[in-house]
Amino acid sequence: MLDPKLLREQTDVVAKKLATRGFVLDVAVFHALEGERKTLQVETEKLQNERNVHSKNIGILKGQGKDVSAVLEDVNRLGDTLTQLSLDLSAVQEKLHNFCAQMPNIPHNSVPLGKSEDDNVEVARVGTPRAFSFPVKDHVALGEALGQMSFEKAAKLTGSRFVVLNKHLAKMQRALIQFMLDIHLNENAYQEFYVPYLVNADSLFGTGQLPKFKEDLFNTTAGYSLIPTAEVSLTNLMRDEIVPEDELPLQWTAHTPCFRSEAGAYGKDTRGMIRQHQFEKIELVWVCHPDESYQCLEKLRLHAETILQRLELPYRILSLCTADIGFCSAKTYDLEVWLPAQNCYREISSCTNTEAFQARRMQARFRSSKTGKPELVHTLNGSGLAVGRTLVAIMENYQDEAGNIHIPKALQPYMGGLAVIEK
RNA sequence: GGAGAGGUGGCUGAGUGGCUGAAGGCGGCGGUCUUGAAAACCGUUGAGGGGUAACCCCCCUCCCAGGGUUCGAAUCCCUGCCUCUCCGCCA
C-alpha cells in the first residue's frame, strides 16, 4: 500500500512512476473518490460531534433532574441523516481502499527502466559454467535413471506438478535445508523460526498476496490458505507490532514447504522440478529502519549468494527492471543459477526490498528514538535458497558421463560423507 | 469433542449505561535531589484518521472482531475468533 498522503498530494508524480512499471493509475477516478471521501467525512464527523455534544448535555440535564425532551428531539433529528452519511462514507472508503489495495509499489530510482523481462540488467556473473565432454542430461533423466525421482508416482498420489524423491536424492534435499540454515544461523546471524503453513486472509493481505493474487493460492475449506512462501508467515509476525528502534534490524529465517497453484503458469516449465505446486524453501526476512533498507538489501543478496558460492554453482545477478519487479517490490535482485541442460540461467532466489509497502498494510512499526512516535519499518525478503531448484542445479552441474551425481564438497558432511550418488 | 471462566493502554489491574480514552500500580520519559548512581518526590506518558500550508490546536474513531439496542455503550444483547481450567481423545 502506498502512502495515502503522498498519493493525494502528488497524484501525478505517483502516476508517472507507476507508469514505468506498466501500471495505469486512473487519476480522474482517484480524485473523484478522494473528493467524495473528504466531503462525506467532514460532514459525518461534524454531525457526530453535534450528537456527542447533545448526548453529553442530556446526561448533565438528567443529573440535574431537568426536562430533556427538547434536546432529545434535536438529536433525534440528526439520527437519520447521520446514519445515511456514515453508510455513504464507509461505502466510499471501501471503494478507495480497494482502489489503493490494487496499486503496486513505486520502483526505487535505481531500478532500471524496462518494458519486459528482457530489459532486466545483469549486474554480475559469478563462476564459470563447466564444459562437458559428453551430452548433458537434465535432472529428470538423471533422477529417473537413478530411480530416485518419480513424477509418475507423484501423479498417482496427487496429480501433475508434484514429485516423489527417495534414497539419496530425498536425503540431499534434507541435507541442503540443513546446510543453508546452518550458514544463515551461524554466519549471518539470522534467528530461526518454525511457523504455520496455513495462514489467514489478514496475513495474506499484509504481504500483498491478497486481494490481487487469490488465484495463485491453495485455499482450504477452513478458510485458511497454504503459504506460497514463508515470507507470509515470517513478515506477518510484525503485523500490528511496534518494536523499539534499537532492536532493528531483525533478521529472520525459516524453512518451509511452499504451495503455489499458479493457474496462470500452465504450459510453462511443464517438465521436471522447476515449477511445482509444492517445494521447499529457506526464506530470509529483514525488518529494518527505513534509512537502512537498501544497505540491508545488499547484505541479504550476499547471504543468498553465499549458498551458491559454497556449493560452487555458477550464477548471475539480475537487477529486475521496472516492468518485471513484483507487486510489492520497490527493488528486486534475482539470482539465477546455471542449468547446463537448459543451457541458461534460471531463477533460484529473489531478493526484494518492499520499503514500507508491506509495513503499511500490516501496521508494522518501530518507535522512533527521535520523535518517540511509531513509524513504519521497511521489510525485505529473499530466498536463501529455493531448495528444489538447488537440488536440480547440483544434479545437472555435477553429473558425470555415467549419470552419477557428484556431491559438492561443502555438502558432503551433511550427506554422511557421501561423495557420489551412483546407480 | 464435553463442561466452565475470561479477553480493557507497553505490562498489571479497576471500571455494569452519561466529562472514562479509561482509576491505581509497574515500566518509559522529563525534572528536583546527588560528585555520580540508587532511593524518594513532582510532572508526563496509547493508537489510527480527518480539518490546517504547518506547529499549536480542533474534531472523529478505537477497551478481541463484526453486528444490534440506545439520545448516549468498555459497560446491555447476538454472532465469530482467541485464551485459560477440568474431563475425554490424540502425535
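Below, chains carry the letters A, B, ... as their sequence lines are ordered, and counting in each starts from 1.
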For B:rA3, the Watson-Crick or wobble counterpart (both distances under 3.5 Å): B:rU85
Pairing nucleotide - B:rA40, Watson-Crick or G-U, each distance under 3.5 Å: B:rU32
Output field: ring centroids A:Tyr194/A:His255 closer than 6.0 Å: no
Between B:rC71 (C1') and A:Leu47 (CG): distance, integer Å: 14 Å
Distance-only donor-acceptor check, side chains A:His378 and A:Glu355, under 3.5 Å: no
Pairwise P distance for B:rG72 and B:rU61, with rounding to whole Å: 11 Å
Between C1' of B:rC60 and CG of A:Leu40, the distance in whole Å: 14 Å
Under 4.0 Å protein heavy-atom contact, by nucleotide of nucleotides 79-84 of chain B - B base, S sugar-phosphate only: ------
Mate of B:rA91 where both pairing distances stay under 3.5 Å, Watson-Crick or G-U: none
Ring geometry between A:Phe327 and A:Phe357 (parallel below 30°, tilted from 30 to 60°, perpendicular above 60°): perpendicular
Whether over 12 other heavy atoms sit under 6.0 Å from A:Glu152 CD: no
Whole-Å C1' distance, B:rA14 and B:rC26: 15 Å
B:rC29 and B:rC81, which share atom name P, separated by this distance in whole Å: 41 Å
Under 4.0 Å protein heavy-atom contacts per nucleotide of nucleotides 47-59 of chain B, with B for base, S for backbone only and - for none: SSBSSS------B
For atom CG of A:Asp240 and atom P of B:rC62, their distance in whole Å: 17 Å
B:rG31 versus B:rU83 - spacing of their P atoms, nearest Å: 44 Å
Pairwise side-chain contact, A:Lys373 with A:Ser368, heavy-atom cut-off 4.5 Å (strictly under): no
Watson-Crick/G-U partner (both atom distances under 3.5 Å) of B:rU70: none
A:Gln93 versus A:Glu36, side-chain donor and acceptor atoms under 3.5 Å: no
Opposite nucleotide pairing with B:rC11, Watson-Crick or G-U, both atom distances under 3.5 Å: B:rG25
Stepwise salt bridge (charged side-chain N to carboxylate O under 4.0 Å, His left out) check, A:Glu94 with A:Arg37: CA-CA 10 Å; A:Glu94 197 188 329; A:Arg37 189 229 95 220; over 6 Å; no
Separation of the C1' atoms in B:rG15 and B:rG24, to the nearest angstrom: 12 Å
Whole-Å P distance, B:rU44 and B:rA22: 13 Å
Among A:Ser350, A:Ser319, A:Ser349, the one residue meeting side chain to side chain donor-acceptor pair (under 3.5 Å) with A:Asp334: A:Ser350
Between C1' of B:rG72 and CD of A:Glu50, the distance in whole Å: 15 Å
Sub-6.0 Å ring centroid separation between A:Phe218 and A:Phe259: no
Nearest-angstrom distance from the residue atom CG of A:Asp202 to C1' of B:rG66: 13 Å
Residue matched to B:rA47 through Watson-Crick or wobble contacts both under 3.5 angstrom: B:rU61
Check: A:Asn186 side chain, A:Asp182 main-chain N or O, donor-acceptor pair, under 3.5 Å: yes
Interatomic distance at P, B:rG6 relative to B:rG13, whole Å: 14 Å
Any N/O pairs under 3.5 Å between the protein and nucleotides 13-20 of chain B? List them or say none.
unit_1 : atom_1 : unit_2  : atom_2 : d
B:rG18 : O6     : A:Lys62 : NZ     : 3.3
B:rG18 : N2     : A:Ser55 : O      : 2.7

Over-ring placement of A:Arg361 relative to A:Phe205, 6.0 Å and 45° cut-offs: yes
Pair A:His289 + A:Phe366: ring centers closer than 6.0 Å: yes
Of A:Arg271, A:Gln399, A:Gln342, the residue whose pairing with A:Asp138 passes side chain to side chain donor-acceptor pair (under 3.5 Å): A:Arg271
Pairwise C1' distance, B:rC78 and B:rC90 [rounded to whole Å]: 34 Å
